[in-house]
Amino acid sequence: MAFASKTTFSCPWPGTGRAPLPARLSRYRRLQCVAKAGTIKQLPIFPLNVVALPCATVPLMIFEARYRVLFNTILAGESGVEDGLVQSDSPFCGSRRFGMCYVDGRADPSGASRMASVGTTLEIVDFAHVQDGRIFVTSKGRERFRILSIVKDRPIMIAEVEELPEDEAEGEEVASLAEEVADLLRSTIRLNVKLNNLEASEDQLEPEELAGLGPRDMSYWIASFFGDIKVLQQSLLEENSTVKRLNREKEILSDTVRYYSATVALKSLSVSSPASGDDKAKDS
């Protein structure tokens, strides 16, 4: 189908968010989420073992035939598109948009994959075709949605979805909390670089999103760093309260900073100890 990649850091915390709740959705399993009613529309769904989040960048490599048709269709009108694969009568032709829902790689006893009912609409911001037919796509997360029903699932899943509401996330309290979480992420990135002897540019150490995004959008963007625990990412995506989302991230990042700080300190001691032992041996 496709794969996605994103640089993440290892998370030492034990919590994994809410466990998937099985509820039948066509031939898939889904995670349940309660939300208020919003705009209802149809959307092509790209199920993948990746949690797409609003404001986050999602890189993909498309190679499966049916998805090459889908992506050439939603990119119709752009230079370099394979016109022979474009379905010009599709309602999504030239839209540049599709939905992504997280699929748990573990099948249930019936053999069906478990797919989350809450996902994110992605908008393609850049793409490149390769001579062998593959498409490299860079997408940006936009609004969240909840799947109401599956219109069809072959060859491409089409779903009726409801856009989920977002809170205002305004005021001094939420702004202060967001800045605290941003500082914790800065510390986490720097400690991770130091611990693993990585080279990092100033843009990597100080991502522009930390200063350019508001509290709500930043809370989603920060969640994109937790890719090693996808159920946690999914629970943050489903959380409707920005304050609750930020507080959960504060808890996670505080634990991470403490863990990394202790590990860096132990590493420094292990490096310095042999030298000290050698000096003592020489003195004797």
Side-chain angles (χ1 to χ4, degrees), residues 1-6 38-103 115-166 208-209 212-214 216-218 220-221 223-224 227 233-234 237:
M1 185 194 301
F3 68 81
S5 61
K6 177 176 173 60
T39 303
I40 296 176
K41 60 184 178 182
Q42 289 190 5
L43 198 64
I45 303 297
F46 190 63
L48 196 63
N49 188 231
V50 170
V51 179
L53 293 132
C55 300
T57 300
V58 181
L60 298 167
M61 183 180 72
I62 309 300
F63 56 85
E64 191 174 339
R66 56 180 175 150
Y67 288 109
R68 285 174 56 202
V69 171
L70 170 64
F71 280 85
N72 276 283
T73 296
I74 61 179
L75 285 167
E78 300 291 336
S79 176
V81 168
E82 295 182 74
D83 292 331
L85 296 180
V86 172
Q87 295 180 320
S88 57
D89 59 343
S90 167
F92 313 110
C93 187
S95 68
R96 300 179 72 97
R97 290 195 167 213
F98 62 100
M100 180 176 284
C101 289
Y102 168 63
V103 175
M115 186 181 77
S117 64
V118 174
T120 299
T121 299
L122 295 176
E123 181 177 5
I124 299 174
V125 295
D126 196 14
F127 71 97
H129 280 79
V130 184
Q131 288 185 345
D132 61 8
R134 291 176 296 163
I135 315 172
F136 291 92
V137 174
T138 301
S139 303
K140 198 77 170 180
R142 302 306 184 195
E143 65 274 1
R144 302 180 304 154
F145 62 81
R146 176 168 60 92
I147 291 181
L148 299 177
S149 64
I150 301 297
V151 178
K152 68 174 185 177
D153 58 8
R154 294 287 177 180
I156 299 297
M157 182 183 295
I158 305 297
E160 184 177 68
V161 306
E162 175 186 40
E163 291 186 16
L164 295 180
E166 300 289 354
E208 62 180 11
E209 286 86 353
L213 294 177
R216 182 186 62 239
D217 290 345
M218 189 182 70
Y220 286 125
W221 180 80
S224 69
Q233 282 187 309
Q234 183 66 31
L237 174 65

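The shown structure was predicted, so the numbers you read here are calculated from the model rather than taken from an experiment. Position 1 is the first residue of the sequence; numbering continues from there.
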Hey, could you give me the CZ/CD1 distance between R96 and I74, rounded to the nearest 0.5 Å?
9.0 Å
Hey, do the aromatic rings of F92 and F98 have their centres closer than 6.0 Å?
no
Pairwise side-chain contact, L60 with V50, heavy-atom cut-off 4.5 Å (strictly under)
no
Salt bridge or not for R97 and E143, using N-O below 4.0 Å?
yes
Tightest non-hydrogen contact, residues P47 and M115, listed as CB-SD, 4.0 Å
Value rounded to 0.5 Å, distance of CG in L43 from CE in M100
11.5 Å
CD1 (I45) and CG (D153) are apart, to the nearest 0.5 Å, by 12.0 Å
Closest non-hydrogen contact found for Q233 with V51 is OE1-CB, 3.7 Å
Check R134 against D132 and note the closest heavy-atom contact, atom names and distance.
NE-OD2, 2.8 Å
Would you call E163 and V161 a side-chain contact if the rule is heavy atoms closer than 4.5 Å?
no
Evaluate the side-chain proximity of L213 to Y220: yes if any heavy-atom separation is below 4.5 Å, no if none is.
no
Minimum side-chain heavy-atom gap I62-F127 below 4.5 Å:
no
Report yes if some heavy atom in the side chain of V86 is under 4.5 Å from a heavy atom in the side chain of C93; otherwise report no.
yes
R146 bridged to E162 by N-O distance under 4.0 Å
yes
Would you give the length of the straight line joining atom CD of E123 to atom CZ of R142, rounded to the nearest 0.5 angstrom?
4.5 Å
Within this structure, what is the CD-CG distance for the pair E82 and L75, rounded to the nearest 0.5 Å?
11.0 Å
Would you give the length of the straight line joining atom OG1 of T120 to atom OH of Y102, rounded to the nearest 0.5 angstrom?
14.0 Å
Judged by atom type as modelled, is there a donor-acceptor pair below 3.5 Å linking the side chain of R68 to the main-chain atoms of L85?
no
Identify the two heavy atoms, one from G119 and one from C101, that lie closest to each other, and give their separation to 0.1 Å.
CA-SG, 4.1 Å
Please walk me through it: do M61 and V130 pass side-chain contact (heavy atoms from CB on, under 4.5 Å)?
CA-CA 10 Å; M61 183 180 72; V130 184; over 6 Å; no
What closest approach, in Å, do W221 and A56 show between heavy atoms, and which atom pair accounts for it?
CD1-CA, 4.2 Å
What closest approach, in Å, do A52 and V58 show between heavy atoms, and which atom pair accounts for it?
CB-CG2, 4.1 Å
